[in-house]
Enquirer: 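My questions will all concern the structure given below.
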Amino acid sequence: MTDLPIYPLTEEHKMLRDAARDFAEKEIAPIAAEFDESGEFPYTTIKKMGTLGFMGIEVPEEYGGAGMDALAYVLALEEICKVDASHGVIMSVNNSLYCHGILKFGTEEQKKKFITPIATGEAIGAYSLTEPQSGSDAGTMRSRATRDGDFYILNGRKSWVTSGPVADYFVVFMMTDPEKKQKGVSAFLVDGKTPGLTRGKKEPKLGIRASSTSELIFEDCRIPAENRLGAEGEGFKIAMTVLDAGRIGIATQALGIAESAYEAARKYAGEREAFGQPIGAFQGTGFKLADMKTRIEASRLMIYNAALAKDQAKNSGKRYSLEASMAKLFASETAMYVTHQSVQIHGGMGYSKELPVERYFRDAKITEIYEGTSEIQRLVISRIEMEK
Ligand code: CAA
């Protein structure tokens, strides 16, 4: 039997993947259930992940990163997410929603100042697009950034910000010219200590409970004009470009969750006996396992393919929205399917907090919602296909 996946990994890829696996099993696995239960932010392990280079995998070494490629990033993220999706999303947001956008659109000074502390693990980054009344329809945001000499004054309310309560720096999107709609959106880099920025209530969530999520409230928050990321009016395109990268991260999170849920089900089906044989020997269970495994491997290939497309885009400048959206759509729906079946195969034990299976089930749901719902991924994919 072949050892899936059949994929050409370099020695560096394997070393990084093994380092992430080792860290996740030794340091995260023993605390994952406890932090899920308490909803506390896992500062200590997140800091260690930063010092190991997991928070800026594609960031060049000159800005404190590991200087590796997108495939390396998904390989490491997959290992973290197999053990805990909360650590996984914090890592994904730092790498893709935060660092990727500054790397692509930032000035030399912005890269040094805003990327280095995140890539080296000294600080945490976040991305803030959504508002209470605008989620999927991101271009209808109401928050305003008004130019005042060498400054911008930020006002408004942002919601569902991953790492919002704990982040040191934010990439924030606000309207600079509401009449121009999407073309009136601009992006800003905001230091979390700036007066006028406060964090709203922490969201009580179903899953990924150790990752903190909150509102951000901007009240006459004054930031230097040099903190604008890209040109005025370029913000919506920056937000969308960055989400293409982010969606590969969430697809990988879904893959990691699905893999662990599957592995637990496979083992349980081999051990648990009913009516005189292991339940995996019944076709009803065996066929479930076959479908779970097949969908997981299909997700993996789509994700690795999207990562390769992202790497190629670094030279060609070509968009990889189609690959990223298809990978996120398929992997997140696979995670939901696989975790659902895994709970079912475990029976009562799948419903108990004594096993991590119920946590995988709760964690999987968000992958179909954030960084673009499954409906938005279908919209992106169908628009690209219809424009051909
Ligand atoms: N890359 C580059 N440019 C892009 C792009 C992309 N991926 N997608 C769109 N654009 C450009 C378009 O080319 C267009 O430019 P032109 O006008 O110059 O042609 C412009 O942006 C507007 O595009 P659309 O007309 O397609 O815009 P739309 O209003 O119809 O919206 C959408 C498109 C796909 C629905 C988009 O709004 C979207 O992705 N919505 C979902 C938002 C989302 O994912 N939110 C999650 C936020 S993050 C989060 O979850 C929290 C967290 O912390 C993790």
Side-chain angles (χ1 to χ4, degrees), residues 77 85-86 88-98 100-101 104-105 124-141 143 158-167 169-173 175 180-187 199-200 202-203 205 207-208 211-216 230-231 233-254 306 309-310 313 316-329 332 365-387:
L77 182 59
S86 292
V89 72
I90 299 160
M91 176 174 165
S92 175
V93 168
N94 271 341
N95 276 275
S96 19
L97 288 192
Y98 184 86
H100 179 75
K104 196 164 165 60
F105 298 99
I124 293 166
Y127 169 101
S128 178
L129 176 70
T130 301
E131 298 188 359
Q133 80 301 326
S134 66
S136 292
D137 192 3
T140 57
M141 64 183 69
S143 58
K158 292 284 181 182
S159 54
W160 293 107
V161 183
T162 301
S163 296
V166 296
Y169 299 103
F170 298 88
V171 179
V172 178
F173 299 88
M175 278 289 180
K180 292 188 180 158
K181 302 194 171 138
Q182 287 109 323
K183 286 190 168 54
V185 175
S186 302
R199 332 274 168 133
K202 196 175 134 189
E203 298 293 345
K205 305 197 298 288
I208 56 160
S211 127
S212 285
T213 311
S214 73
E215 287 197 329
L216 297 179
E234 214 189 356
F236 192 75
K237 277 197 182 174
I238 295 176
M240 292 299 120
T241 306
V242 170
L243 277 170
D244 284 343
R247 287 166 184 168
I248 299 176
I250 300 309
T252 308
Q253 182 191 32
K310 183 183 172 196
S316 68
K318 254 182 82 182
R319 272 174 59 176
Y320 51 91
S321 314
L322 183 65
E323 290 87 345
S325 283
M326 289 195 306
K328 181 182 185 284
L329 173 64
S332 59
K365 184 60 206 170
I366 191 63
T367 66
E368 292 184 317
I369 299 174
Y370 61 11
E371 299 199 28
T373 59
S374 291
E375 290 74 12
I376 288 296
Q377 306 314 321
R378 287 188 166 87
L379 182 77
V380 170
I381 296 162
S382 60
R383 277 189 186 173
I384 293 173
E385 285 299 292
M386 293 315 291
E387 277 167 18

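This is a predicted model, so every value here is computed, not measured. Counting starts at 1 for both ligands and their atoms, in listed order. The figures here come from the full heavy-atom set of this structure, side chains too, leaving out hydrogens, waters and symmetry mates.
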Enquirer: With a 3.5 Å distance limit and no angle check, can you tell me whether Lys328 reaches the backbone of Gly249 through a side-chain donor-acceptor pair?
Expert: no
Enquirer: Quick one: side-chain hydrogen bond (donor to acceptor under 3.5 Å, both in side chains) partners of Ser143, sequence neighbours excluded?
Expert: Glu131
Enquirer: Once rounded to the nearest 0.5 Å, what's the spacing between atom OG of Ser86 and atom CD1 of Ile208?
Expert: 6.0 Å
Enquirer: So if I only count non-hydrogen atoms and take anything under 4.0 Å from ligand 1, which residues does that give, chain by chain?
Expert: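 The 4.0 Å shell around ligand 1 contains Leu97, Tyr127, Thr130, Gly135, Ser136, Ala138, Trp160, Thr162, Gln182, Lys183, Phe236, Lys237, Met240, Thr241, Leu243, Asp244, Arg247, Arg319, Ser321, Tyr370, Glu371, Gly372, Ile376, Leu379, Val380, Arg383.
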Enquirer: Pairs in or reaching into residues 234-252: which pass salt bridge (Lys or Arg N to Asp or Glu O under 4.0 Å), with residues at least two apart or in two chains?
Expert: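 Applying salt bridge (Lys or Arg N to Asp or Glu O under 4.0 Å) to every pair that reaches into residues 234-252, excluding sequence neighbours, yields nothing.
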Enquirer: Only counting residues at least two apart or in another chain, list the ones meeting ring pair (Phe, Tyr, Trp, His ring centres under 6.0 Å) with Phe236.
Expert: none
Enquirer: Quick check: Phe170 with Tyr98 (ring centres under 6.0 Å apart)?
Expert: no
